[in-house]
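All remarks here apply to the structure that follows.
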Amino acid sequence: MLSEMPIIVARREGRIVGYLVSSPLSAATNMPIIQAKLRAYSGSSNPYNHGPVCIAEDERNRGLISAMFQALRKRLKGREGIAFVRRDNVASLSAHAKLGMRQAAEFTHDGVAYVVVAYIA
């Protein structure tokens, strides 16, 4: 998986402060939560998994996610990224919306509600 798709890593003063993972859909199709996501929304031709995204707490709200997202988009131009976010994670849903991701579907897995968000790179 690591050799097939880009992973964007952000560093500040030698410390990793964030990362954004992309992976082929095939890399995680054995995971029940990914299966549930794909049943809710399978995407267009040649889509990929977007995420996870992790940002150090002291780096949040400083534009880092936008910079990493733009770097990923340049590398995957024209492909559709598909992610999922817990319905109750308002901050993450807001951050994804600000990046231009649209809500594509919803699903429930193990009693937890999720939103599928998607975008074309």
Side-chain angles (χ1 to χ4, degrees):
M1 178 178 86
L2 295 175
S3 64
E4 292 182 48
M5 302 283 301
I7 296 175
I8 307 300
V9 178
R11 299 171 200 253
R12 188 178 309 281
E13 298 173 5
R15 177 177 149 242
I16 293 175
V17 295
Y19 62 85
L20 169 55
V21 176
S22 64
S23 64
L25 292 184
S26 61
T29 54
N30 63 333
M31 299 174 66
I33 195 165
I34 300 299
Q35 292 170 353
K37 174 184 84 167
L38 294 174
R39 280 192 301 273
Y41 182 75
S42 60
S44 61
S45 64
N46 202 20
Y48 62 93
N49 289 309
H50 171 97
V53 178
C54 294
I55 306 288
E57 193 170 338
D58 60 335
E59 292 288 333
R60 294 179 185 163
N61 300 312
R62 296 176 64 188
L64 185 57
I65 191 168
S66 180
M68 292 191 312
F69 183 68
Q70 292 308 319
L72 182 66
R73 289 182 82 160
K74 286 180 185 176
R75 289 166 176 80
L76 298 172
K77 210 167 241 344
R79 293 184 63 186
E80 184 176 28
I82 305 170
F84 64 92
V85 180
R86 283 179 62 123
R87 161 74 49 217
D88 61 358
N89 190 341
V90 177
S92 183
L93 288 170
S94 175
H96 284 83
K98 287 178 185 174
L99 294 172
M101 296 178 118
R102 64 179 170 76
Q103 185 172 333
E106 295 186 24
F107 69 96
T108 301
H109 178 71
D110 283 344
V112 178
Y114 294 91
V115 175
V116 178
V117 293
Y119 67 97
I120 302 294

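By convention here, the first residue in the shown sequence is residue 1.
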Kindly compute the distance separating [atom1] ([X]) from [atom2] ([Y]), expressed to the nearest 0.5 Å.
| X | Y | atom1 | atom2 | result |
| --- | --- | --- | --- | --- |
| Ile65 | Glu59 | CD1 | CD | 12.5 Å |
| Met101 | Ile82 | CE | CD1 | 9.5 Å |
| Gln103 | Leu93 | CD | CG | 7.5 Å |
| Ile7 | Leu72 | CD1 | CG | 10.0 Å |
| Met68 | Leu20 | CE | CG | 5.5 Å |
| Ser26 | Ile34 | OG | CD1 | 11.5 Å |

Test of ring centre spacing under 6.0 Å for His109 and Phe84: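 Ring centres of Phe84 and His109 not closer than 6.0 Å.
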Check: [X] side chain, [Y] main-chain N or O, donor-acceptor pair, under 3.5 Å:
| X | Y | result |
| --- | --- | --- |
| Ser22 | Pro6 | yes |
| Glu80 | Ser44 | yes |
| Arg73 | Ile120 | yes |
| Asn49 | Pro24 | yes |
| Lys37 | Ser42 | no |

Same apolar cluster: Leu25 and Tyr48, side chain cutoff 4.5 Å: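 Per the 4.5 Å side-chain linkage, Leu25 and Tyr48 are not co-clustered.
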Over 12 foreign heavy atoms within 6.0 Å of CG, Asn61: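 Atom CG in Asn61 is not packed in, count stays at 12 or less.
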Derivation and outcome, salt bridge (Lys or Arg N to Asp or Glu O under 4.0 Å), residues Arg86 and Glu106: CA-CA 10 Å; Arg86 283 179 62 123; Glu106 295 186 24; over 6 Å; no
Side-chain ion pair, Asp58 and Arg15, N-O less than 4.0 Å: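 Yes, charged N to carboxylate O under 4.0 Å.
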His96-Tyr119 side chain donor-acceptor pair, cut-off 3.5 Å: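 There is no such pair (donor and acceptor under 3.5 Å, judged by atom type) between the side chains of His96 and Tyr119.
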Arg60 side chain near Glu57 side chain, heavy-atom distance below 4.5 Å: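 Yes. Closest side-chain heavy atoms under 4.5 Å.
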Ile33 side chain reached by Tyr114 side chain, heavy atoms, under 4.5 Å: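 Yes, close enough: below the 4.5 Å cut-off.
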